[in-house]
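In what follows, residues are counted from 1 in the order of the sequence shown. Quick caveat: nothing in here was measured; it's all calculated off a predicted structure.
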Amino acid sequence: MNNRVRELRGERGWSQADLAVQLDVSRQTVNAIETGKYDPSLPLAFKIAKLFELAIESIFEPAE
């Protein structure tokens, strides 16, 4: 799954560790999501969308 998490995090000046704290996950989880090695669970995807105040589909999209 492709995503814009790294881009959105960078726009806010947050480190991976900062985002991890806000999402209550490890920094390694944030890194894995950003690099496409891990697709977040639906509850985590909703949490990410809420944090960035965006719709899930504007952050995540299926890989082609």
*Can you tell me how far the CD1 atom of Ile56 sits from the CG atom of Leu42, to the nearest 0.5 Å?*
5.5 Å
*asked:* On a heavy-atom basis, which atom in Ala55 and which in Ala49 lie closest, and how many Å separate them?
replied: C-CB, 4.3 Å
*To the nearest 0.5 Å, tell me how far Asp18 CG sits from Arg12 CZ.*
13.0 Å
*Please report the shortest heavy-atom distance between Arg27 and Gln16, naming the atom on each side.*
NH1-OE1, 2.9 Å
*Quick one: are Val30 and Tyr38 in side-chain contact, heavy atoms under 4.5 Å?*
no
*asked:* For Arg9 versus Glu34, what's the shortest heavy-atom pair and its separation?
replied: NE-OE2, 2.5 Å
*Closest approach of Gln22 and Lys47, non-hydrogen atoms and distance?*
O-CE, 4.2 Å
*Under 3.5 Å, is there a donor-acceptor pair between the side chain of Ser58 and the main chain of Leu54?*
no
*Atom OG1 of Thr29 and atom CG of Leu23: how far apart are they, to the nearest 0.5 Å?*
9.5 Å
_Quick check on Glu7: does its CD atom have over 12 non-hydrogen neighbours (other residues, nucleotides or ligands) under 6.0 Å away?_
yes
*Does the Arg4 side chain pair with the main chain of Phe60, one donor and one acceptor, at a distance under 3.5 Å?*
no
*Within the distance-only criterion (no hydrogens, no angle test), does the side chain of Asn31 pair as donor or acceptor with the backbone N or O of Gln28 below 3.5 angstrom?*
no
_Taking CG in Asp24 as the centre, count heavy atoms belonging to other residues, nucleotides or ligands within less than 6.0 Å. Is the count above 12?_
no
*Side-chain donor or acceptor of Asn3 paired with backbone N/O of Ile33 under 3.5 Å*: yes
*Say whether Val21 and Phe52 are linked into one hydrophobic cluster, either directly or through other cluster members, by side-chain heavy-atom distances under 4.5 angstrom.*
no
